[in-house]
Amino acid sequence: MIVRIMGEGQFDVADVEQDALQDYDDKVEHAVQAGDEEQTSTALRDLRSFILSHGSPVADDFLGVSDIVVPFADASLEDIRKLLDGSGLIPDISTVEQQN
């Protein structure tokens with residue numbers, strides 16, 4: 001599963017602990033639903049840090065599409081809402097695998 005962090009590149013998270021990744025994503029979604037800008041910013045920063053520290057950078061010449069897009073660090077609450085599809089930013093990995 002390839003995650004694009006806007007402005008920072010793409011990362012392969014196939015070997016990342018998926019439950020932990022989902023927990024970070026859930027925190028972003030809950031903060032957005034609550035309309036809490038500060039908590040959303042913190043949760044998004046934590047999600048991005050987890051991906052950056054646990055994912056593997058994808059080569060610059062990779063031409064495939066990203067399965068998931070994580071917004072910029074300074075994305076507004078409204079920008080993040082536009083990216084949510086009801087299952088958070090990061091869908092369950094089994095859903096992504098079925099689509100590929």
Side-chain angles (χ1 to χ4, degrees):
M1 180 166 53
I2 305 297
V3 174
R4 173 178 299 282
I5 299 178
M6 297 171 78
E8 295 188 45
Q10 293 178 302
F11 299 86
D12 185 345
V13 295
D15 294 330
V16 170
E17 172 54 46
Q18 295 301 306
D19 288 338
L21 185 61
Q22 233 14 93
D23 286 343
Y24 283 102
D25 182 51
D26 290 346
K27 289 177 184 174
V28 172
E29 185 174 16
H30 292 130
V32 169
Q33 288 173 349
D36 186 330
E37 188 111 21
E38 184 176 330
Q39 189 60 34
T40 299
S41 178
T42 299
L44 180 59
R45 204 171 33 252
D46 291 347
L47 171 63
R48 294 173 69 254
S49 293
F50 182 80
I51 293 168
L52 290 170
S53 64
H54 292 83
S56 302
V58 174
D60 290 337
D61 61 353
F62 174 74
L63 298 176
V65 298
S66 302
D67 298 301
I68 298 153
V69 176
V70 174
F72 293 103
D74 60 350
S76 71
L77 203 52
E78 189 56 36
D79 290 338
I80 297 169
R81 276 191 182 113
K82 291 176 185 175
L83 292 173
L84 292 173
D85 66 359
S87 62
L89 295 168
I90 301 173
D92 183 280
I93 191 165
S94 61
T95 304
V96 173
E97 289 173 348
Q98 289 173 1
Q99 293 173 352
N100 292 330

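Everything quoted here is computed from the prediction, not taken from an experiment.
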Straight-line distance of [X] [atom1] to [Y] [atom2], nearest 0.5 Å:
X	Y	atom1	atom2	answer
Leu21	Ile68	CG	CD1	7.0 Å
Thr40	Lys27	OG1	NZ	13.5 Å
Glu29	Leu47	CD	CG	12.0 Å

For this session: Quick one: which residue pairs count as a ring pair (Phe, Tyr, Trp, His ring centres under 6.0 Å) with a foot in residues 59-83, not counting sequence neighbours?
Result: none
Exercise. Does anything in residues 3-43 pair up under ring pair (Phe, Tyr, Trp, His ring centres under 6.0 Å), and if so which pairs, sequence neighbours excluded?
Worked result: Tyr24-Phe50
For this session: Start with the C-alpha gap between Asp46 and Val28, add the side-chain angles, then the distance that decides, and say whether side chain to side chain contact (heavy atoms under 4.5 Å, CB included) holds.
Result: CA-CA 9 Å; Asp46 291 347; Val28 172; over 6 Å; no
Exercise. Taking only residues two or more places apart in sequence or in another chain, which ones pass side-chain hydrogen bond (donor to acceptor under 3.5 Å, both in side chains) with Asp12?
Worked result: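 Per chain and number, Asp12 pairs via side-chain hydrogen bond (donor to acceptor under 3.5 Å, both in side chains) with no residue.
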Problem set entry | Sequence-distant partners of Ser56, side-chain hydrogen bond (donor to acceptor under 3.5 Å, both in side chains), two or more places apart |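 Checked Ser56 against side-chain hydrogen bond (donor to acceptor under 3.5 Å, both in side chains); zero matches.
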Problem set entry | Minimum heavy-atom distance Pro71-Ile80, with the two atoms named |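 That closest heavy-atom pairing would be CG-CG1, 3.8 Å.
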For this session: Check Arg81 against Gly35 and note the closest heavy-atom contact, atom names and distance.
Result: NH2-CA, 3.8 Å
Seminar exercise, completed: residues 31-45 vs salt bridge (charged side-chain N to carboxylate O under 4.0 Å, His left out), sequence neighbours excluded, gives none
For this session: Please check if the side chain of Gln10 supplies one atom and the backbone of Val65 the other of a donor-acceptor pair under 3.5 Å.
Result: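 Checking the backbone N and O of Val65 against the side chain of Gln10, no donor-acceptor pair under 3.5 Å is found.
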Problem set entry | Linked, directly or transitively: Val16 and Ile2 (ILVMFWY side chains, under 4.5 Å) | no
Problem set entry | Cluster link Leu77 to Leu44, ILVMFWY, side chain under 4.5 Å |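 Same cluster: Leu77 reaches Leu44 through Ile, Leu, Val, Met, Phe, Trp or Tyr contacts under 4.5 Å.
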Exercise. Given Met6 and Val69, is the side chain to side chain contact (heavy atoms under 4.5 Å, CB included) satisfied, shown in steps?
Worked result: CA-CA 7 Å; Met6 297 171 78; Val69 176; 3.6 Å; yes
